[in-house]
Colleague: 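Please see the structure below; I have some questions.
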Amino acid sequence: SAVISQKPSRDICQRGTSLTIQCQVDSQVTMMFWYRQQPGQSLTLIATANQGSEATYESGFVIDKFPISRPNLTFSTLTVSNMSPEDSSIYLCSVEDRAGGLYEQYFGPGTRLTVT
Amino acid sequence: DAKTTQPNSMESNEEEPVHLPCNHSTISGTDYIHWYRQLPSQGPEYVIHGLTSNVNNRMASLAIAEDRKSSTLILHRATLRDAAVYYCILSQGNLIFGKGTKLSVKP
């Protein structure tokens, strides 16, 4: 299994500011993903973080709003830009290592973001 | 990715078996059936997955219908810790979460 940590665990931010969330994995993985979970809702995939290239975004999510970095096989960041109260959610990082024979996804504990 | 249909909620008694159903009538031949669960205030965790044959692991069993249009996650003896939202997901790649089934376990 993979152990995933996220920083910060929670934050309260003002409208119009940006927050960068970090995701660290304890082993090298091929696939990293970012999800959003709005209050009382299920998870929505934001994007796949690709190592060494631009992230692949799902419909409804754009790079200008959610820029993603993936500098290596164990680390990724998600920035929530120009925040509004509608961005208040839990943001989760997950990983999957198909090359290593794993087919399960492992999720981080999430970052709880409140925008005021 | 194909859609799944699950009951919104189910109740179980502690130490009794639980059968969580999932319908996926539009499943394609290469879709895997995944089950994840999300305990309160935690990220989802992998439970089990299968393609055609029934699967068992230390957490649960997965029974897949012969036509693959439905499946059932079986928890053999529910504990209070099993109270969670259970997601049935069809995937050939990325996981697309539906609303899941909220399982309550009564002592």
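If you're wondering where the values come from, they're calculated on a predicted model, not measured in any experiment.
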Colleague: Sort by residue number and list every member of residues 56-94 of chain A having a non-hydrogen atom under 4.5 Å from chain B.
Modeller: A/Glu58, A/Leu92

Colleague: Is there a continuous path of hydrophobic side-chain contacts, each under 4.5 Å between heavy atoms, that joins B/Tyr32 to B/Ile74?
Modeller: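 Each belongs to a different hydrophobic cluster.
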
Colleague: Let me check something: do A/Leu43 and A/Leu113 share a hydrophobic cluster, defined by ILVMFWY side-chain heavy atoms less than 4.5 Å apart, either directly or through other members?
Modeller: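 No; A/Leu113 is not reachable from A/Leu43 via cluster members.
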
Colleague: Are B/Gln42 and A/Phe107 packed together at the side-chain level, in the sense that at least one heavy-atom pair is separated by less than 4.5 angstrom?
Modeller: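 A side-chain contact is absent here, since even the closest heavy-atom pair is not under 4.5 Å.
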
Colleague: Could you tell me if the side chain of B/Leu95 sits less than 4.5 Å from the side chain of A/Leu45, heavy atoms only?
Modeller: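 A/Leu45 vs B/Leu95: side chains apart.
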
Colleague: Taking atom CD of B/Gln38 and atom CD of A/Gln37, what is their separation to the nearest 0.5 Å?
Modeller: 4.0 Å

Colleague: Any heavy-atom pair between the side chains of A/Gln105 and B/Tyr36 that's under 4.5 Å?
Modeller: yes

Colleague: Side-chain heavy atoms nearer than 4.5 Å, only ILVMFWY residues, links allowed to pass through others: does that put B/Val55 and B/Leu20 together?
Modeller: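 Yes, same cluster.
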
Colleague: Does a sphere of radius 6.0 Å around CG in B/Asn8 hold more than 12 heavy atoms from other residues, nucleotides or ligands, not counting ones at 6.0 Å or beyond?
Modeller: no

Colleague: Using a 6.0 Å cut-off, check whether atom CZ of A/Arg112 has over 12 heavy atoms from anything other than its own residue.
Modeller: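 No, CZ of A/Arg112 has 12 or fewer neighbouring heavy atoms, counting only those of other groups under 6.0 Å.
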
Colleague: Could you state whether A/Ile21 and A/Ile4 fall into the same hydrophobic cluster, counting links through intermediate Ile, Leu, Val, Met, Phe, Trp or Tyr residues with side-chain heavy atoms under 4.5 angstrom apart?
Modeller: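 Different hydrophobic clusters.
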
Colleague: Please, which pairs that meet ring pair (Phe, Tyr, Trp, His ring centres under 6.0 Å) have at least one residue in residues 62-91 of chain B, sequence neighbours excluded?
Modeller: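 Ring pair (Phe, Tyr, Trp, His ring centres under 6.0 Å) check on residues 62-91 of chain B returns B/Tyr87-B/Phe97.
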
Colleague: If you draw a 6.0 Å radius around CG in B/Leu51, do more than 12 non-hydrogen atoms from other residues or ligands fall strictly inside?
Modeller: yes

